[in-house]
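So that the names make sense, note that chain A is the first sequence line, chain B the second, and so on, each numbered from 1.
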2 protein chains.
Amino acid sequence: MPTGHKRQGSALEANRRDELLRAAARLFVEKGFDATTTRDIAEAVGMRSGSPFYHFRSKQDLLKAAMIEGLEASHQRLQAAVAGINDPERRLRVMIRNHLGILLEGDCHAPMLVYESRSLGITARTEIAAVSDRYQQDWQATLEQLAASGKLRLPAKPMRLLLFGMLNWSRQWYRPNGGLSLDEIAEAAAEMVLA
Amino acid sequence: MPTGHKRQGSALEANRRDELLRAAARLFVEKGFDATTTRDIAEAVGMRSGSPFYHFRSKQDLLKAAMIEGLEASHQRLQAAVAGINDPERRLRVMIRNHLGILLEGDCHAPMLVYESRSLGITARTEIAAVSDRYQQDWQATLEQLAASGKLRLPAKPMRLLLFGMLNWSRQWYRPNGGLSLDEIAEAAAEMVLA
DNA sequence: CCTACCGATCGGTAGG
DNA sequence: CCTACCGATCGGTAGG
């Protein structure tokens, strides 16, 4: 049953690859790209030091893949969360809460990985910018809809930039069980944005 | 004239030390702590690779000193800028514009160095947090004054956190001669904060 | 995916 | 502050 074996082998390999990506994403966000060694990543998934290079050509390739796949997963999660919500104000509130969830709950915190782009060459940075832009465009569209009906305190573009600042910077100060819950942060941010 | 020599020597040494601090601050913000080698820093001021260690015990000491002295200089610059401004709304606007200037103009960008704290031990981190807190307290006081007269859209503390997010995150997207000038960003941020 | 290993780099030091 | 150098670590590879 060689085909069977092959299929199973591929599935297992894909699993191991995903484990590496998740561990790498977590460690890169926690300690930064340079402070994370490929040995750290290998150990986090129970491999020996040389083995990650069976799945990825280089450490930079690992970062690039973690960023692209993490951002795409975040984007899909966002689109699933707003599916069917037509009122732009409600949609924005759901997007904000969803973004905070990706950022502050769970393990991967994909949007923060963008900060590590400077460790990559310009080619990879361009690819990542394209994925990131698609995520931003959903926000831009909703913000423009709100601006058109006079519900935004600023034009859509500067508003988007300042809004992402409020949300993404929360990683610097947010503590679970701290002064503010995710719902409260989301509500405060929405309050600032909407007229 | 040994005393004369000594004084001159000390002054020159202090100058070299300051040059190292400025170069280190710039490189740490640009490339990150780990990606910056002590050789990079030495070269930036025209020294040989071992010489920074005549002025600083370790690379971490260099970061710590750059952070503390950079934050204190920023704080003094802020206090000088608001000296004599009694209207809290005008004071906040000046503080915002001043913070953006420190962040986005010039060379050192001290507030961004705080992001590199994770490369230090807990003792140094605590010292730095104390300096940083003094900077934050001036903001907190002004925001509370505004909140007391109903001019703030949110309570002072969450407002301070979200405001710093808007401002500090601008380093990620701001480009000189880009779409928004520093004055425009400052105005937009103030618009979001004030009721 | 492991074992064994290499070349390069880097923080830091001794001695002047 | 320079010269000369060391020990450790790290990304990456060969060969199985």
Side-chain angles (χ1 to χ4, degrees), chain A residues 2 5-25 27-28 30-67 116-121 123-124, chain B residues 2 5-25 27-28 30-67 116-121 123-124:
Chain A
H5 276 107
K6 216 174 183 185
R7 259 198 220 115
Q8 192 184 45
S10 290
L12 284 175
E13 272 187 24
N15 280 345
R16 295 300 267 159
R17 201 189 100 105
D18 274 4
E19 285 178 52
L20 280 170
L21 281 179
R22 270 197 300 275
L27 289 165
F28 287 156
E30 247 174 51
K31 315 203 295 175
F33 179 75
D34 291 294
T36 302
T37 68
T38 55
R39 284 165 169 83
D40 291 335
I41 297 166
E43 194 183 12
V45 300
M47 286 180 185
R48 302 292 182 149
S49 68
S51 302
F53 297 98
Y54 170 73
H55 295 276
F56 297 93
R57 216 183 309 271
S58 69
K59 189 187 175 189
Q60 301 203 357
D61 256 36
L62 235 173
L63 173 59
K64 180 181 149 187
M67 290 179 69
E116 304 293 330
S117 287
R118 62 181 170 188
S119 299
L120 296 175
T123 318
Chain B
H5 275 108
K6 217 174 183 186
R7 258 198 220 115
Q8 191 183 47
S10 289
L12 284 175
E13 273 187 22
N15 280 345
R16 293 301 267 162
R17 203 189 100 104
D18 274 5
E19 285 176 53
L20 280 170
L21 281 178
R22 271 198 298 276
L27 289 165
F28 287 156
E30 244 173 53
K31 316 201 296 174
F33 179 75
D34 290 294
T36 303
T37 68
T38 54
R39 285 164 168 83
D40 291 336
I41 298 167
E43 194 182 11
V45 301
M47 286 180 185
R48 301 293 180 149
S49 69
S51 303
F53 297 98
Y54 171 74
H55 294 275
F56 298 93
R57 216 186 308 274
S58 70
K59 188 187 175 188
Q60 300 203 359
D61 257 38
L62 234 172
L63 173 59
K64 182 182 148 187
M67 289 178 71
E116 304 293 330
S117 287
R118 62 181 170 188
S119 298
L120 296 175
T123 318

Exercise for the section: Apply side-chain contact (heavy atoms from CB on, under 4.5 Å) to B:Leu20 and B:Met47, showing your working. Expected result: CA-CA 10 Å; B:Leu20 280 170; B:Met47 286 180 185; 3.8 Å; yes
(Q) Run the side-chain contact (heavy atoms from CB on, under 4.5 Å) test on B:Thr38 and B:Ser49 for me, step by step, so that the C-alpha distance in whole Å, both residues' side-chain angles and the decisive distance to 0.1 Å come before the verdict. (A) CA-CA 7 Å; B:Thr38 54; B:Ser49 69; over 6 Å; no
Next on the checklist: Go through it in stages, so that I can follow the logic: the residues are A:Met67 and A:Leu120, the test is side-chain contact (heavy atoms from CB on, under 4.5 Å), and I'd like the CA-CA distance, side-chain angles, deciding distance and then a yes or no.
Outcome noted: CA-CA 11 Å; A:Met67 290 179 69; A:Leu120 296 175; 4.0 Å; yes
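Computed from coordinates, the A:Asp61 CG to D:dG11 P distance equals 14 Å when rounded to whole Å. Here C:dC10 presents its P atom at 17 Å from CZ of B:Arg48, a figure rounded to the nearest Å. As a whole-Å value, the separation of B:Glu13 CD from D:dC2 P is 13 Å. Here C:dG11 presents its P atom at 12 Å from CG of B:Leu27, a figure rounded to the nearest Å. Residue A:Tyr54 contributes atom OH, which lies 7 Å from atom C1' of C:dC1 at whole-angstrom precision. The distance from atom NE2 of B:His55 to atom C1' of C:dG11 is 17 Å, rounded to the nearest whole Å. Between B:Asp34 atom CG and C:dG11 atom C1' there is a gap of 12 Å when expressed in whole angstrom units.
Applying the salt bridge (charged side-chain N to carboxylate O under 4.0 Å, His left out) test to A:Arg118 and every residue at least two apart in sequence or in another chain returns B:Glu116. Listed by chain and residue number, nothing satisfies the side chain to side chain donor-acceptor pair (under 3.5 Å) test with B:Arg22 (two or more places apart in sequence, or in another chain). Looking at residues two or more places apart in sequence or on another chain, you find a side chain to side chain donor-acceptor pair (under 3.5 Å) between B:Glu19 and B:Arg16. By the side chain to side chain donor-acceptor pair (under 3.5 Å) test, A:Thr37 pairs with A:Asp40, sequence neighbours left out. B:Glu30 pairs by the salt bridge (charged side-chain N to carboxylate O under 4.0 Å, His left out) definition with B:Arg26, not counting sequence neighbours. With sequence neighbours excluded, no residue forms a salt bridge (charged side-chain N to carboxylate O under 4.0 Å, His left out) with A:Arg48. In this structure B:Asp18 satisfies the salt bridge (charged side-chain N to carboxylate O under 4.0 Å, His left out) test with no other residue, sequence neighbours excluded.
Applying the ring-ring contact (aromatic ring centres under 6.0 Å, His included) test to residues at least two apart or on different chains, the pairs with a partner in residues 31-61 of chain A are A:Phe28-A:Phe33.
Within a heavy-atom distance below 4.0 Å of DNA chain D, no residue of residues 15-25 of chain A is found.
Relative to the side chain of A:Thr37, the nucleotides D:dG11, C:dC10, C:dC1 differ in distance, and D:dG11 lies closest.
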Taking Watson-Crick and G-U wobble contacts under 3.5 angstrom, with | marking pairs to another strand and [ ] crossing pairs, the secondary structure of DNA chain D is written ||||||||||||||||
Any N/O pairs under 3.5 Å between the protein and nucleotides 12-16 of chain D? List them or say none.
unit_1: D:dG12; atom_1: OP2; unit_2: A:Lys59; atom_2: N; d: 2.6

